[in-house]
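Contents: one structure, followed by commentary.
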2 protein chains.
Amino acid sequence: MSASVSPLAPKSYPEMPLVRGVRMATAAAGIKYKGRTDVLLMVFDKPAAVAGVFTKSKCPSAPVDFCRSNLSHGVARAVVVNSGNANAFTGIKGKAATALTAKSASEAVGCGENEVYLASTGVIGEPLDATKFAGVLGDMNKTATGDFWQEAAKAIMTTDTYPKVATRTAKIGGVKVTINGIAKGAGMIAPDMATMLSFVVTDADISSSVLQSMLSAGVEPSFNSMTVDSDTSTSDTLMLFATGAASADGQKQIADANDPALASFREALNALLKDLAIQVARDGEGATKMLEITVTGAESDAAAKTIALSIANSPLVKTAAAGEDANWGRIVMAVGKAGEAADRDKLAIWFGDIRVAVNGERDPGYSEEAASAVMKGQDIPVKVELGLGSGKATVWTCDLTKEYVAINGDYRS
Amino acid sequence: MSASVSPLAPKSYPEMPLVRGVRMATAAAGIKYKGRTDVLLMVFDKPAAVAGVFTKSKCPSAPVDFCRSNLSHGVARAVVVNSGNANAFTGIKGKAATALTAKSASEAVGCGENEVYLASTGVIGEPLDATKFAGVLGDMNKTATGDFWQEAAKAIMTTDTYPKVATRTAKIGGVKVTINGIAKGAGMIAPDMATMLSFVVTDADISSSVLQSMLSAGVEPSFNSMTVDSDTSTSDTLMLFATGAASADGQKQIADANDPALASFREALNALLKDLAIQVARDGEGATKMLEITVTGAESDAAAKTIALSIANSPLVKTAAAGEDANWGRIVMAVGKAGEAADRDKLAIWFGDIRVAVNGERDPGYSEEAASAVMKGQDIPVKVELGLGSGKATVWTCDLTKEYVAINGDYRS
């Protein structure tokens, strides 16, 4: 947790309503930090449907392995999340730690170990002392309450400067349902995935396979469209739980991903995922500016996204943003290196509403003053039109500052 | 040109011998800088064989287009290089500028415009005023001399903190030949290519097609194996010229790339290319440390190189190096995100001679003190053994410092 809050932090936080069927508690287990909570327990008193999307790293953490293996079971009763230690690259000790944590949680909550989900975030390569959970999970289950979203978001922070929460409502067959989510992540953030950890819970009654289908689709334009530093965590975890409590109001269970009754829910879920993803990007380590990069006119949507991410991950583009320098030449560079089709002489580039380049050269009406004015803002929209096709994509990133170097030059020590 | 010289600069420069058949001159044409030379003319009084390797950017600069188009002609009489303006993304003005420069050079030297090669480096997107060359090239041709390598290297610098020169000798059929090279580049440096500009000249008598074959192969383990910031210039140019002057000593022309008489020359050329490439990496903007990253045990050499570059380009690895932090967890992260086959539990990692991780976890004999001692050095060897196959690769990079952010946050203004 950083001493100062990002200048890009939300000005206010939403009131987080209850989501029936989930209770939460936090504790200070002393994993790494002192004087703050570092473990979160979520309890579903009735089995919840569950879906997950995880890091594509070839060296995933032990908790990611554990969750992937339980996911086929399709039911969740408990989630244990800790900050301070990622339990990643911890060899057989890592597997022992996840087994012990699951055992402690199953005893505390009274469920099967395959109904437990785990996530850890923090330092890689240090063994995690899972015995610390055994002493706290039982009490946490007793005190867990539904009105605890802000505290839950705080307990899972590492280098985050603010907790990330979001809420939406939707209707399924005329019945109102709620979706709440929390996320953490500030560095080592890149597709795929873009957040280290995020947990979303709804009281809707939706089957696990339908949840998975919506989550896998929803992650693309949200978490997988933002990047802080192009580095991909070994622990990235996004999970979606449905408690089904809305069935008490007459909501009929949705078991078909193509059910038209899902439209409102899908829209609300996608909006919530995007909300959380942008909150993570805005908390990028050392960030002072937020860049929204839109590429249009590409040969395909996939090509547009590759080019947009090439721009978003370019250290030269990101340092120029930090310096409030309208250096559109570096945008051209990043388009060129992406490897996707581009025609230099058809390119056009905008900062905000200011077109700075067109037809492969500086805009005839280019005004350094007008372009610089955009760069001085906190939010910088960048648009690139390739003039080749109809493919388009939008991604989000932050600037690269000396503070990023400072944070990451002595994070571990 | 930076005010202070990189701490990684060579302690001494080699005496650069003459290479018969090439003359050089520099001038201050006032392209951007004041009070320093910014244009280099190389003259081959007899037509030289020529080969080139250029940026893979989809938005190459006008001079790159120009060189590519002349290369099929296979003969060089003049090279004009300027610093301060890259003549990149300058639309039809860019093509007009290359045409005018080539015309001025052909008149000054007395050759065809298709025997001229051009390279420009500096700001992207600003029109280059090529009329400035017309006034200086004639005088430059008159004063050009063979003993001018250091001055040539200086004239092509931009944010470089030191000039880059290298020399080697070889024997072809018992006849001694010389190879001299210069390079520039410090930012926007990544495969492929890794230097913005490099020019290598030999007095050997070798055909253009054989030169091209050797250059295309030689660039892989040298310039294409080092990265400063993963950003690829629109102007990257590496050219190799053979004046053929050694034929006066009885060297028979080499026209077959498989000629065994080339062995010594090929070895010397590859050593020279690696020498120049490492000089460029050591002058990475803001660099205080040099990392040599070796990956072994990969499924293939290509996979090893992908993983090595993933490590070399990771901002988190590079900032840890800047902070002298033996953060091997970030090496695991970078291996995992590379997308190539890796087995977490077979990984081993060394900093220098200190094995910090083995069998997927921290080395049982891990000593923070010993690992930190390696990180305090100026040169940090990193080795990763994947334990899967026999593929291997070595790449070079530098650390990521606050100074890099400072240099690139206000480069243009």
Side-chain angles (χ1 to χ4, degrees), chain A residues 56-60 88-94 123-127 187-188 190 229-234 313-316 319-320 322-323 325 327-330 332-342 344-345 347 357 359-362 400-402 404-406 408-413, chain B residues 56-60 88-94 123-127 187-188 190 229-234 313-316 319-320 322-323 325 327-330 332-342 344-345 347 357 359-362 400-402 404-406 408-413:
Chain A
K56 287 185 183 162
S57 172
K58 302 289 182 184
C59 300
F89 206 59
T90 42
I92 50 169
K93 294 189 192 77
V123 175
I124 303 175
E126 301 276 342
M188 207 182 279
D229 56 14
S230 81
D231 277 341
T232 300
S233 166
T234 55
N313 281 322
S314 160
L316 289 170
T319 48
D325 178 4
N327 195 323
W328 57 271
R330 294 184 184 171
V332 179
M333 177 281 299
V335 171
K337 81 165 178 169
E340 298 290 343
R344 185 182 66 200
D345 297 340
L347 272 178
N359 298 330
E361 61 182 309
R362 191 163 65 190
L400 172 58
T401 64
K402 292 177 192 173
Y404 176 90
V405 178
N408 288 297
D410 50 23
Y411 165 61
R412 205 179 58 120
S413 41
Chain B
K56 286 184 184 164
S57 172
K58 303 288 182 182
C59 301
F89 207 58
T90 41
I92 51 169
K93 293 188 192 78
V123 175
I124 303 175
E126 301 277 341
M188 207 181 280
D229 57 13
S230 82
D231 276 341
T232 301
S233 166
T234 56
N313 281 322
S314 160
L316 289 170
T319 48
D325 178 5
N327 194 323
W328 57 272
R330 295 184 182 170
V332 179
M333 177 281 300
V335 171
K337 79 165 180 170
E340 297 290 343
R344 185 183 65 199
D345 298 338
L347 272 178
N359 298 330
E361 61 182 308
R362 192 164 64 189
L400 172 58
T401 64
K402 294 177 192 174
Y404 176 89
V405 178
N408 288 299
D410 50 22
Y411 166 63
R412 206 179 56 121
S413 42

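Chain A is the first sequence line, chain B the second, and so forth, proteins listed ahead of strands; every chain is numbered from 1.
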Of all heavy-atom pairs linking A:G409 and B:D325, the shortest is O-CB, 4.1 Å
For the atom pair CG (B:N408) and CG (A:L400), what is the distance rounded to the nearest 0.5 Å?
9.0 Å
Most heavy-atom pairs under 4.5 Å with chain A, out of B:T401, B:T90, B:V332, B:N359, belong to B:V332
Closest non-hydrogen atom pair between A:Y404 and B:P315, with its separation:
OH-CB, 3.6 Å
If you compare all heavy atoms of B:G91 against all heavy atoms of A:E361, which two are closest, and at what distance to 0.1 Å?
N-CB, 3.8 Å
As a quick check of understanding, evaluate side chain to side chain contact (heavy atoms under 4.5 Å, CB included) for B:L347 and A:F89, giving each step before the final call.
CA-CA 9 Å; B:L347 272 178; A:F89 206 59; 3.6 Å; yes
Decide yes or no on salt bridge (Lys or Arg N to Asp or Glu O under 4.0 Å) for A:R362 and B:E126, but give the supporting numbers first.
CA-CA 7 Å; A:R362 191 163 65 190; B:E126 301 277 341; 2.8 Å; yes
Is B:P60 in contact with chain A via its backbone, its side chain, both, or neither, using a 4.5 Å heavy-atom distance?
both
Heavy-atom pairs under 4.5 Å with chain A are the metric here; pick the option from B:A357, B:A338, B:G339, B:A341 that has the most.
B:G339
